[in-house]
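The block underneath contains the structure these notes are about, expressed in structure tokens.
Naming convention: chains lettered A, B, ... in sequence-line order (proteins, then strands); numbering from 1 in each chain.
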Amino acid sequence: MADVMNVGVNLEAFSQAINAIQALRSSVTKVFDSLKDGMKNKETLEGREKIFITEFQDNLQSVNRDLNELERLSTLVGRPSESHPLHNSGLLSLDPVQDKTPLYSQLLQAYKWSNKLQYHAGLASSLLNQQSLKRSANQMGTSAKRRPKVQPSTLALPTQYVDDVISRIGRMFPDMSIELFRPNGTSAVLLVTLGKVLKAIVVMRSLFIDRTIVRGYHENVYSEDGKVKHFISLHVQVTDHATTALLHYQLPQMPDVVVRSFMTWLRSYIKLFQTPCQRCGKYLQEGLPPTWRDFRTLEAFHDTCRQ
Amino acid sequence: MGVTCVCQVPVAEGKSVQQTVDMLHKKLEQLGAIKQGNFWVDCETYHATGNATGQPSKLLYVMHNSETPLSSMALFEGGPGLTADANFDVLMVKLKSHFQNAKGHKVESRGTRYRYCDFLVKIGTVAMSSSARGISVEVEYCACVIPGDCWNLIKEFMQSFLGSSTPELPAVFTNKAEGLYTPVDCMDTMSQYLELFGKVRKQQVLPGSGVR
């Protein structure tokens, strides 16, 4: 696997370069050794000096030769491929213990698989959309040539577009305020304040809703570390329902419709404490008000009354 | 920190205060509430001295609550109130010349604290000079801070264990200038307790306590 990735490296020149480094090291050591040993024992002073200087010059010349050889080989070696296909995760390929933790190869396979899946899903959805049961003729019918066209990916939307969509949705509902933060990178985190009833933290991934957490209106959400134990069971249950809702409202091709439907559903909680359950007529069931909101009709039910 | 409602439960016919309290405990435990320790609320009365002649001296009440053990609350009846830390009592000692402690008028309510889902219920015996005078019940709904929103919910809960003794919406909320839909604070709870203690004091007038 490593050979395939480092195609730019000439392995032959690489091994020769390593040998050249060893040769250079030994010649430099020889220089310092001869200096340390000093002049050899000869009859005359000039003789000793001459031999010493000759030896010194030889050693330095061999160092020069080795250095030139090394420089020549280093130009031949070439650079490893600069563009990591996975940016920083490509550095995982440098892990020497490849058989025990084959992270990099598995990562590459996972990415290839998900890309293929997305491509196939796009093709399938465009094909299936053509087989709609609508009788009216629309421009979909003439797309025999355009059939293999792939829908643009909705996972990598520009942040400005996400901001615009969110602010438009925020203006739709006067009693719900949405604040947008980007604490880590490009994923948006929304703080939705619903009247004086509750606050919801919605984590998004481009325009798809990833996760929600519901808190009380009076609780401090700004210094949250995610590990605080919730002691109000009402909010725990509403968080569960909100997670169910975000899994229910799914439409991959039109994520802004999804966000709008989710916000409409969330807004029905404005009268969380004031509405009795539609089925049993009471306010409380086991100490909790009706926390379930039907996905289509937005009616309030107790969690135990809903089906 | 939630909407609280404090009410007084009359002692049952032919029973003592302690027996009525035990009956309430049993009803709560049948509902499924869990006991979570004890609570106390106390109230001390101070006369304001040095007033203009002819005017009745204003009474300052200094109250403590075990829910906020590090705070003291000081309020005038129906008037402004303040929240300070526990050293306020020491400050009152230093202000002896302006405010005199009416030692015999200390009222306190002590009892057990129950938790049922998001509700905190505190049933206490109101005592004045260590003689039990009545029963106080405080219900706090921790999930909501707007009294107008959740009053029906709290009332339904109280009906399930208090039966006919369920009170109406406390006057402290209806008398607020901003209306029923503003968030509560701990002063509302204390005002309700003050009202209850005032009623308890009036119930059995002690000889010589012509102040109230």
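Screening residues 158-167 of chain B for salt bridge (charged side-chain N to carboxylate O under 4.0 Å, His left out) gives no qualifying pairs among residues at least two apart or on separate chains.
Using a 4.5 Å cut-off between heavy atoms, B/L153 touches chain A through backbone and side chain atoms alike. Only the side chain of B/F119 comes within less than 4.5 Å of a heavy atom in chain A; its backbone stays farther off.
Around NZ of B/K15, the count of heavy atoms belonging to other residues, nucleotides or ligands within 6.0 Å does not exceed 12. Residue B/I34 qualifies as open at atom CD1: its count of foreign heavy atoms under 6.0 Å is 12 or below.
A/A121 meets the side-chain contact (heavy atoms from CB on, under 4.5 Å) test with no other residue; sequence neighbours excluded. Taking B/D89 as the reference, B/V62, B/H64, B/S72 meet the side-chain contact (heavy atoms from CB on, under 4.5 Å) condition, with sequence neighbours excluded.
When all heavy atoms of B/C142 and A/I232 are compared, the closest pair comes out as O-CD1, 3.4 Å.
A distance of 10.0 Å separates SG in B/C150 from CG in A/L272, rounded to the nearest 0.5 Å.
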Under 3.5 Å, which donor-acceptor pairs link chain B and chain A? Put them in a table for me, please.
unit_1, atom_1, unit_2, atom_2, d
B/R115, NH2, A/F231, O, 3.1
B/D118, OD1, A/S233, N, 2.8
B/D118, OD1, A/S233, OG, 2.9
B/D118, OD2, A/L234, N, 3.1
B/D149, OD1, A/Q274, NE2, 2.2
B/N152, ND2, A/Y283, OH, 3.3
B/E156, OE1, A/Y283, N, 2.8
B/E156, OE2, A/Y283, N, 3.2
B/E156, OE2, A/L284, N, 2.9
B/Y181, O, A/K196, NZ, 3.3

